[in-house]
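Reviewing the structure listed below.
Just so it is clear, the structure is predicted and the values come from calculations on it, not from any experiment. A note on names: the letters A, B, ... follow the listed sequences, proteins ahead of strands, and every chain is numbered from 1.
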Amino acid sequence: MKQRVQSYLHDKLGREVVLEKPRDRSFGHFATPIAFSLAKELRKSPMVIAEELASSFDENNEVFSKVEPLKGYLNFRLSEDFLNEYGSWALNNPAEFGVGENKQKILLEFVSANPTGPLHIGHARGAVYGDTLYRLAKHLGYDITAEYYVNDAGNQIDLLGLSIQLYAQENLLNQDVEYPESYYRGEYLDALARGAVEKFGEDILTNESRQKELALWAKDGVMEIVTKTLADTNIFFDTFVNESSLYDDWDRVMAKMAKNDANAIYEKEDKIWLASEAKGDDNDRVVVREDKRPTYLAGDIVYHNQKFERGYDHYINIWGADHHGYIPRVNAAVEYLGYDSNKLEVLLSQMVSLLKDGEPYKMSKRAGNVILMSDIVEEIGADALRFIFASKKSDTSLEFDVESLKKQDSSNPIFYIQYAHARIKTMISKSDFSEDEIMKSSLKGFDEQADTLLFDALLLPEIIEDAFSSRQVQKLPDYLQSLAASLHKFYYDVRIIGREDEAKLLKLLMVVALSIKTGLSLMGIEAKDRMFKEDE
RNA sequence: GCGUCCAUAGCUCAGCUGGAUAGAGCACUGGUUUGCGGUACCAGCGGUCGGGAGUUCGAAUCUCUCUGGGCGUACCA
């Protein structure tokens, strides 16, 4: 809608026009401060320019019913025909509403938690953020792939094997054991230990030389737990890439970098280094240790090389904020590999803290004392979890109270929005008009309030576009919340059933419902047609 | 120290590439239809946009600086 208005203005005025929301809705649907920016160039006051521009529009053009200058601003009111046509089209083509025509191929990598334990609440944020971006991109037409990078190599996998053994020795075999600082703990070890005995026999729990074997088996079990939790939250991946499968390619990738730039890789102190400092990193980085074991970075270099060789137009990685120092060295490697590091976009998701007894609860990745994502999903539901994480800027640390999301009233935003949708559905089912009859009426002849509601509901496509292109997914829940508020107020102010213009008002509400339903589905939340009280 | 993210109402946060009188929700106070679900609506209270300087017609927004926080600063992942 906005694009159409913008291109119309572009043709009309011969330049790009910035459209914004008017300060006061009674001014019109759109406004532009263009006269201010023209003032200098034309050496006239903004007010005069605005008046001249306004008078250059015809009384009856196809888009606007009114163009009005005010204090240097130019305010536009869309014509009834324009809104009616667009709204009716949306209702007739609900699956097309807000769908874009982007063709870019995007690879989106997110979560990528180590397969050494269940997801915790910190992972949940990146997971929700990534999946919401994914849904938005899909809707906008992008050819996007959701990928999970499984770190199934390196020390943490060895540690998984050791952790299971130690856990089992203490709890299953009743032995005295001493735990190293960094070992993993948690209930999930129990099931893994028992499963291992069943599969391999008891020797697997005590034989140190079988730790690796145990770990490689166990990580698949952990990944099952992880994908189950994600699926419970409506999050799914297209592809999984195992770190362990990449190392065979290391020599070729190293040679590739060396071929592109003779200085990219060098040997010093019996180690192999990446010359990342020359590409903006703080220091050069070790990629192969003295004992020939590659570092984590080596795996990531091979992985990124593989990503680029697979050929996408754009790459997005969602990482925890604690990895931000890692960006320069990966960018350096990408450039040495001969690719454009501008195509790689890293989005950071900041820490999450829950309130517990009034004290901030600090998260730690390795401690046994983590808050599990699956526990929160169980406690407040996937919808509420998704909503809270999608509704805050991902680059700000977030604090939230679990209790407030369990309430069944307007203080709980997800409930408030669902209720708006359910209200509309209830009204339509109560009306004597059939859906066909409602659809045949026109979205015209509304008063100010109804007109504004229609306009707001039709803004969804712009919100989707904006939310994705700015990577600020919280714009969608913000929008849905304010649309729901408008609906509730409208419902309160106007008694619809029994009115003379009942059919077209219901059609208007159908547009609102469509916007809410579409918006929620892009957040991975299903709109409800009915609400039930908790105690029912 | 260096890098990076952040600082807006008592609390949790919006505020789009600078634009009209800085907004929601919660909390608190007071109200509401002889009616479609009161699981709702309205009003009030509440702000030196962390401090300072600069850029310009115009700054919460951009730049610099100071202060205060989170995170990072590994041959861990």
- Item | Working for ring pair (Phe, Tyr, Trp, His ring centres under 6.0 Å), residues A:Y419 and A:Y491 | CA-CA 12 Å; A:Y419 184 42; A:Y491 173 87; 7.9 Å; no
What is the nucleic acid contact for [X], judged by heavy atoms within less than 4.0 Å: base, sugar-phosphate only, or nothing?
| X | value |
| --- | --- |
| A:A31 | base |
| A:T426 | base |
| A:D478 | sugar-phosphate |
| A:V494 | base |

With rounding to whole Å, what would you report as the distance between [N] and [M] at their [atom1] atoms?
| N | M | atom1 | answer |
| --- | --- | --- | --- |
| B:rA22 | B:rG38 | C1' | 32 Å |
| B:rG46 | B:rA24 | C1' | 14 Å |
| B:rC62 | B:rC13 | C1' | 23 Å |
| B:rA7 | B:rC49 | C1' | 10 Å |
| B:rU56 | B:rU63 | P | 16 Å |
| B:rA60 | B:rG50 | C1' | 12 Å |
| B:rU61 | B:rU55 | C1' | 13 Å |
| B:rC64 | B:rC26 | P | 39 Å |

- Can a donor-acceptor pair be found between the side chains of A:D249 and A:Q306 at a distance below 3.5 Å?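 The answer is no; no qualifying pair exists.
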- Query: Do the side-chain N and O atoms of A:Y479 and A:D456 include a donor-acceptor pair separated by under 3.5 angstrom?
  - Reply: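 No, A:D456 and A:Y479 have no side-chain donor paired with an acceptor closer than 3.5 Å.
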- Item | Base-pairing string, 5' to 3', of RNA chain B - Watson-Crick or wobble, under 3.5 Å, | interstrand | (((((((..((((.....[...)))).(((((.......))))).....(((((..]....))))))))))))....
- Query: Just checking, A:K504 and A:F446: is the charged tip under 6.0 Å from the six-membered ring centre and within 45° of the axis?
  - Reply: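 Yes, cation above the ring, under 6.0 Å and within 45°.
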- Task: Applying ring pair (Phe, Tyr, Trp, His ring centres under 6.0 Å), run through A:H488 and A:Y416 and close with a yes or a no.
- Result: CA-CA 9 Å; A:H488 285 307; A:Y416 186 73; 4.6 Å; yes
- Can you find a donor-acceptor pair, distance only, under 3.5 Å between A:H324 side chain and B:rG3 base?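 Flag set: donor-acceptor pair detected.
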- Is there a donor N/O on one and an acceptor N/O on the other, under 3.5 Å, for the side chain of A:N75 and the base of B:rA20?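 A donor-acceptor contact between them is present.
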So which protein nitrogen or oxygen atoms get under 3.5 Å of nucleotides 5-10 of chain B's nitrogens or oxygens?
residue: B:rC5; atom: O2'; partner: A:Q350; partner atom: NE2; Å: 3.4
residue: B:rC5; atom: O2'; partner: A:D395; partner atom: O; Å: 2.9

- Task: Find the distance A:D281:CG to B:rG72:P and express it as a whole number of Å.
- Result: 17 Å
- Query: Of A:F240, A:F110, A:Y303, which is the lone residue that meets ring pair (Phe, Tyr, Trp, His ring centres under 6.0 Å) with A:Y148?
  - Reply: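 Considering A:F240, A:F110, A:Y303, a ring pair (Phe, Tyr, Trp, His ring centres under 6.0 Å) with A:Y148 is found only for A:F240.
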- Note on the structure: A:Y492 has its side chain closest, among B:rC71, B:rA77, B:rU33, to B:rU33
Between [X] and [Y], is there a side-chain N and carboxylate O pair less than 4.0 Å apart?
| X | Y | answer |
| --- | --- | --- |
| A:E243 | A:K219 | no |
| A:E109 | A:K307 | yes |
| A:R471 | A:E345 | yes |

- Message: Counting only side-chain nitrogens and oxygens, does A:R329 get under 4.0 Å of the OP1 or OP2 atom of B:rA77?
- Response: no
- Query: Looking at A:Y416, does any N or O in its side chain come under 4.0 Å of the phosphate oxygens OP1/OP2 on B:rC41?
  - Reply: yes
- Begin from the C-alpha positions of A:T116 and A:Q156 and carry the test side-chain hydrogen bond (donor to acceptor under 3.5 Å, both in side chains) through to its verdict. CA-CA 7 Å; A:T116 54; A:Q156 82 278 7; over 6 Å; no
- Query: Starting at the 5' end of RNA chain B, which residue's closest nucleotide do you reach first, A:K392 or A:N283?
  - Reply: A:K392
- Message: Quick check on RNA chain B: between A:P413 and A:D284, whose nearest nucleotide comes earlier from the 5' end?
- Response: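 The residue closer to the strand's 5' end, by nearest nucleotide, is A:P413.
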- From A:N331 atom CG to A:S276 atom OG, the distance as rounded to the nearest 0.5 Å: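 Rounded to the nearest 0.5 Å, the CG-OG separation comes out at 10.5 Å.
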- Interatomic distance, A:T452 atom OG1 to A:H29 atom NE2 [nearest 0.5 angstrom]: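 Here the interatomic distance stands at 6.0 Å.
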- Message: Which residues in residues 479-490 of chain A have a heavy atom closer than 4.0 Å to any atom of RNA chain B?
- Response: A:H488, A:K489
- Message: In the structure I gave you, are the side-chain heavy atoms of A:K392 and A:Q474 within less than 4.5 Å of one another anywhere?
- Response: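 Of all side-chain heavy-atom pairs linking A:Q474 with A:K392, none is under 4.5 Å.
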